[in-house]
There are 2 protein chains.
Amino acid sequence: MHPAPQSDRRPYIRDSEDARRTALVAAVLDLVAEGGIEAATLRAVAARAGVTPGLIRHYFGDKDGLMRVAYGRMMQGMVDPCLAAAVAAGGDPVARLRAYLAAALDPAALDGRTVALWAAYIHRTRQDAALRAAHEAGYLAFRDALEGLIAALPVCPLPPRDAAIALNALLDGLWLEGGLLPQGFAPGEVQRIALTAAARVLDLPELTETEGPKP
Amino acid sequence: MHPAPQSDRRPYIRDSEDARRTALVAAVLDLVAEGGIEAATLRAVAARAGVTPGLIRHYFGDKDGLMRVAYGRMMQGMVDPCLAAAVAAGGDPVARLRAYLAAALDPAALDGRTVALWAAYIHRTRQDAALRAAHEAGYLAFRDALEGLIAALPVCPLPPRDAAIALNALLDGLWLEGGLLPQGFAPGEVQRIALTAAARVLDLPELTETEGPKP
DNA sequence: CCTTCAATTATTCGCGCGTATAATTCCGCG
DNA sequence: CGCGGAATTATACGCGCGAATAATTGAAGG
């Protein structure tokens, strides 16, 4: 008998909704980081996630829906590690603050990919109300946590709000510069400068002490 | 005789090359600031400049040529005022530094339009070699000037390079936050915090003094 | 006034985009 | 085993893009 005129339709396997949504969002963030917002076309996203563009419509409705979810995931990925690091640092206020600052400039966060991803979304946050809300929430969560850590210090020569704004700006700026000109800084230099400057702003020389004495 | 079948071709007047190039570049920057890179299509740029798209090709060759020139102009517009302010501040090192810092956070620079414009180009600077060169040149010119101002101070508790990196980061971060969340700060608050924090980093209490006593 | 030629506009092309809808195929359940 | 329906793919449409080329027109010089 003849071989059945085999379909040239691409075979596929069904997957859970969670897995598909996760894969699609990850594909968006990869593409935006590599090529800017303009690179994250539905066709490119689908190809990277190993599906076809129609599936995006199935799960996210339209492109804006997908971009919104992706943005939320990005913000979460940037803020959560810092909050977790502070919690993991134990009860000493200075140690908590140092852990927070160090986590914000962790080498993993300090790469151009993250900065490019963040910058690519900036403009969207100025026009799309949903994105702007997500942006402000993430930003203020970060800064408020910082202000809380500062307020918990035994002494502080500045109003906590002012100190939090200044230190947050310092972190933002160093993160930007370190991410955009990675070869412009020696390894660890960015973190070292952050702790030094923060220590001077807050009058906290202990902030720069290394914590692990050799055994 | 019949009325000549009057042409429906758009009338125009000739203009100098400089005026046309300037108008087209200004149109690009306006559109990018308002709607991101994606909004600066050749058709939209031409319409805003009051010409037709073909003229862009005539003067800039292709879209990339236009975008490169526009980027250079943006960087120039951001860095030059600060350098000029420092020069105009006279010979006192502290006054020069204060003028430089204040100019970087001048309300005219501290608006979302400028930040959005800058962010929109970030990704391009990571892929286009010509843009990257222009970016690094502008960035380092700014930071090196800052380092020079710091080195001219009578005393400095930090290596000038470290202090310049930290202060530059502080300025960048405050500029970002002030531009993106304009309603999050009281008028003048951003500049005040910048001077306060810089004064503490450099051990320069004079930096925060107001200079104009009432007559 | 008329010629000349660069400055400017008009038209066309092919492409990739996002959306919409129809057609198929995988897989759990009976 | 087979069947029903949701998950997934395929196809088509209209639009705006950047680029290329052809056609026109404004203005300067003789």
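Per chain, numbering begins at 1; letters A, B, ... match sequence-line order.
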Problem set entry | Electrostatic pair E34(B)-R126(A), nearest N-O below 4.0 angstrom | no

Exercise. To the nearest Å, how far apart are L66(A) CG and dG18(C) P?
Worked result: 10 Å

For this session: Write down the distance between CG (D15(A)) and C1' (dC26(C)), rounded to a whole number of angstrom.
Result: 12 Å

Problem set entry | Atom-to-atom span, CE of M67(B) to C1' of dC17(D) - whole angstrom | 14 Å

Problem set entry | Length of the CD1-C1' vector between I13(A) and dT8(D), whole Å | 12 Å

For this session: Report which part of the nucleic acid P11(A) touches: base, sugar-phosphate, or nothing (heavy-atom distance under 4.0 Å, all strands).
Result: sugar-phosphate

For this session: Report yes if a donor N or O on one partner sits less than 3.5 Å from an acceptor N or O on the other, where the partners are the side chain of R10(B) and the base of dT9(C); otherwise report no.
Result: no

Exercise. Choosing from dC17(D), dT25(C), dA10(C), which nucleotide comes nearest the side chain of T41(B)?
Worked result: dC17(D)

For this session: When you get a sec, tell me which of dT25(D), dT25(C), dA19(D) is the closest nucleotide to the side chain of D62(B)?
Result: dA19(D)

Exercise. Out of dT25(D), dG18(D), dA7(D), which has the shortest distance to the side chain of Y12(B)?
Worked result: dT25(D)

Exercise. How would you label the contact of L55(B) with the nucleic acid (heavy atoms, under 4.0 Å): base, sugar-phosphate, or nothing?
Worked result: base

Exercise. Relative to the ring of H135(B), is the ring of Y71(B) parallel (under 30°), tilted (30 to 60°) or perpendicular (over 60°)?
Worked result: tilted

For this session: State whether Y59(A) places a side-chain N or O below 4.0 Å from either non-bridging phosphate oxygen (OP1 or OP2) of dA7(D).
Result: no

Exercise. Is R68(A) reaching over with its side chain to a backbone N or O of A130(A), donor-acceptor style, under 3.5 angstrom?
Worked result: no

Exercise. Should the pair R21(B)-E17(B) be classified as a salt bridge under the 4.0 Å nitrogen-to-oxygen rule?
Worked result: yes

Exercise. Base, sugar-phosphate, or nothing: which does R14(B) touch, judged by heavy atoms less than 4.0 Å apart?
Worked result: base

For this session: Find the distance I56(B):CD1 to dA10(C):C1' and express it as a whole number of Å.
Result: 15 Å

Exercise. So which nucleotide from dT9(C), dT8(C), dG18(C) ends up closest to the side chain of R43(A)?
Worked result: dG18(C)

Problem set entry | Integer-rounded Å distance: dG16(D) C1' and E38(A) CD | 15 Å

Problem set entry | Nearest-Å distance for atom pair NZ/P, residues K63(B) and dC15(C) | 19 Å

Problem set entry | Candidates dT8(C), dA10(D), dG18(C) - which lies nearest the side chain of R9(B) | dT8(C)

For this session: Round to the nearest Å and state the distance from H58(B) atom NE2 to dT25(D) atom C1'.
Result: 14 Å

Exercise. Would you call R161(B)-E189(A) a salt bridge at under 4.0 Å N-O?
Worked result: yes

